[in-house]
Asker: 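Have a look at this one before I ask anything.
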Amino acid sequence: MQKDLCLIKLGGSVITNTAVHKEAKPEVITRLLREIYGASQELGIDVIIGHGGGSFPHIIANKYEVQKGLVKKDSMKGSILTLSDARELNSIFIKCGAEIDMPVFPFSPSSFTLSSKSKISDGFVSQIKEAMELGFIPVVYGDVGIDTIQGVCIISTEEILRFLSGHFKPSKVIFGTDVDGVFNGNPSAAGAKLVTELNHGNIEGIISAVGTTKKVDVTGGMRTKVSLMYEIVDATGATGYIANATKPNVIRNILMGKPETCTVVRK
Ligand code: ADP
């Protein structure tokens with residue numbers, strides 16, 4: 001029988017210092033991995049973890065406009081440098097897991113997916129299923145992909161989780177970011193309120209009210225997160241959570257089914 005499965009995204013703004021090129025926060029990564037591993041073992045559930053790139057790939061991606069594809073003379077170089085920065089952070093992430101004896105196993109989306117205009121159109125997941133049966137915890141991350149329309153693209157972590165949700169049927173999907181959830185406007189503006197539930201009744205209005213991000217981000221910020229989360233929830237019937245992963249135990253509590261301040265996303 002298939003165990004319950006949870007897809008968890010840890011934002012680049014949580015696990016890196018977004019103001020400094022290639023500065024990871026290993027202590028935050030380790031804390032979050034402990035929370036996830038502890039809860040998944042207590043509950044006996046499977047998890048697939050995805051992490052964002054933050055200040056590792058986004059700065060170079062932005063410089064070479066990798067999100068637009070092979071658009072200039074040095075686009076190939078830019079895409080390779082971006083991919084290499086994304087891998088560097090993934091390597092730090094995986095080592096943090098190994099150091100606490102967590103069986104995290106990395107899968108590079110550039111190697112198992114094909115995209116069309118930044119949307120994954122094809123991919124191979126048998127190796128991920130097999131790894132999970134062996135007891136590994138798969139880890140994917142925002143990456144550069146080969147794209148049939150624009151040559152190369154940025155595959156956001158949310159897009160990878162959307163693609164995986166079609167193959168793995170999650171019951172919960174959690175996006176951990178650096179704010180308490182989705183606000184009805186810029187969260188730092190006076191009067192902005194946390195939206196505690198998103199569903200078919202308010203999703204369209206909220207998507208148009210949500211901004212992107214002030215940080216360097218080539219994947220569209222909060223608006224894209226909300227759209228892709230709703231797409232996953234709508235297609236799979238999973239419950240979604242957008243929550244603050246910078247606060248200790250928030251991700252653990254959501255996994256454990258305990259109440260937390262966050263945005264819950266339902267069909
Ligand atoms: P991550 O690194 O977790 O993927 P991003 O930096 O891409 O996160 O997106 C999170 C940011 O989105 C928040 O720090 C916030 O500044 C910004 N944001 C813009 N509009 C909203 C909104 N309506 N609700 C929540 N966050 C928003």
Side-chain angles (χ1 to χ4, degrees), residues 7-25 28-29 31-33 35-36 49-62 66-67 82 85-86 89-90 92-93 109 118 139-143 154-162 173-198 202-232 240-248 250-251 254 260-265:
L7 299 179
I8 307 166
K9 188 225 162 174
L10 301 174
S13 60
V14 178
I15 62 167
T16 72
N17 179 352
T18 52
V20 182
H21 188 206
K22 296 212 285 193
E23 190 174 295
K25 294 186 174 172
V28 175
I29 298 173
R31 169 183 62 77
L32 286 162
L33 289 178
E35 288 184 25
I36 294 168
I49 303 172
H51 68 78
S55 67
F56 278 66
H58 285 294
I59 291 173
I60 298 290
N62 212 40
V66 180
Q67 71 279 17
T82 303
D85 279 357
L89 177 60
N90 178 251
I92 294 170
F93 192 95
S118 306
V139 175
V140 293
Y141 55 96
D143 206 354
I154 298 286
I155 326 169
S156 72
T157 319
E158 292 85 355
E159 170 58 11
I160 297 155
L161 295 187
R162 183 204 61 77
V173 184
I174 306 172
F175 289 174
T177 185
D178 65 346
V179 285
D180 285 346
V182 183
F183 288 75
N184 62 354
N186 185 335
S188 47
K193 280 211 182 82
L194 181 71
V195 181
T196 54
E197 175 155 336
L198 274 175
N202 62 354
I203 186 74
E204 279 180 24
I206 294 296
I207 286 177
S208 47
V210 168
T212 52
T213 175
K214 282 200 279 314
K215 289 160 260 170
V216 185
D217 187 341
V218 289
T219 59
M222 188 53 80
R223 183 175 294 169
T224 315
K225 257 183 261 304
V226 173
S227 312
L228 282 171
M229 173 63 96
Y230 191 71
E231 217 180 295
I232 298 175
Y241 301 83
I242 300 179
N244 197 333
T246 68
K247 296 185 178 167
V250 168
I251 300 299
I254 292 174
E260 262 302 344
T261 303
C262 66
T263 299
V264 179
V265 188

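Predicted model only: the values in this text are computed from it and were never measured. Each ligand, and each atom within it, is numbered from 1 in the order the structure gives.
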Asker: Working to the nearest 0.5 Å, report the span between CD of Glu158 and CD1 of Ile232.
Answerer: 8.5 Å

Asker: With side-chain contact (heavy atoms from CB on, under 4.5 Å) as the test, pick out the partner of Ile8 among Leu32, Val139, Ile36.
Answerer: Ile36

Asker: Between Ser13 and ligand 1, does any nitrogen or oxygen pair lie at a separation below 3.5 Å?
Answerer: yes

Asker: Taking both backbone and side-chain atoms of Gly185, is any N or O found less than 3.5 Å from an N or O belonging to ligand 1?
Answerer: yes

Asker: Quick test of your reading: applying salt bridge (charged side-chain N to carboxylate O under 4.0 Å, His left out), list the pairs with at least one residue in residues 185-195, sequence neighbours left out, ordered by first then second residue.
Answerer: none

Asker: Quick check against the 3.5 Å criterion: does Thr177 have a side-chain atom that pairs as donor or acceptor with the backbone of Gly11?
Answerer: no

Asker: In Å, rounded to the nearest 0.5 Å, how long is the span from CG of Leu228 to CD1 of Ile160?
Answerer: 11.0 Å

Asker: Check each of Lys9, Met222, Lys225 against atom 5 (P) of ligand 1 and report the one with the nearest heavy atom.
Answerer: Lys225

Asker: Would you say Pro187 touches ligand 1, if touching means a heavy atom closer than 4.0 Å?
Answerer: yes

Asker: Would Phe183 count as being in polar contact with ligand 1, using the rule that some N or O on each side must be under 3.5 angstrom apart?
Answerer: yes

Asker: Looking at ligand 1, is there an atom of it that comes within less than 4.0 Å of some heavy atom belonging to Gly221?
Answerer: yes

Asker: Looking only at distances, please establish whether an N/O atom of ligand 1 is found under 3.5 Å from an N/O atom of Asn186.
Answerer: no

Asker: Sequence neighbours left out, what passes side chain to side chain contact (heavy atoms under 4.5 Å, CB included) with Arg31? Give chain and number order.
Answerer: Val28, Glu35, Pro248

Asker: Looking only at heavy atoms, which two atoms of Phe56 and Asp85 are closest? And how far apart?
Answerer: O-OD2, 3.2 Å

Asker: Closest by any non-hydrogen atom to atom 10 (C) of ligand 1: pick that one out of Ile206, Val179, Ile207, Thr177.
Answerer: Thr177

Asker: Judged on heavy-atom distance to atom 25 (C) of ligand 1, which of Ser188, Gly181, Ala245, Gly11 sits nearest?
Answerer: Gly181

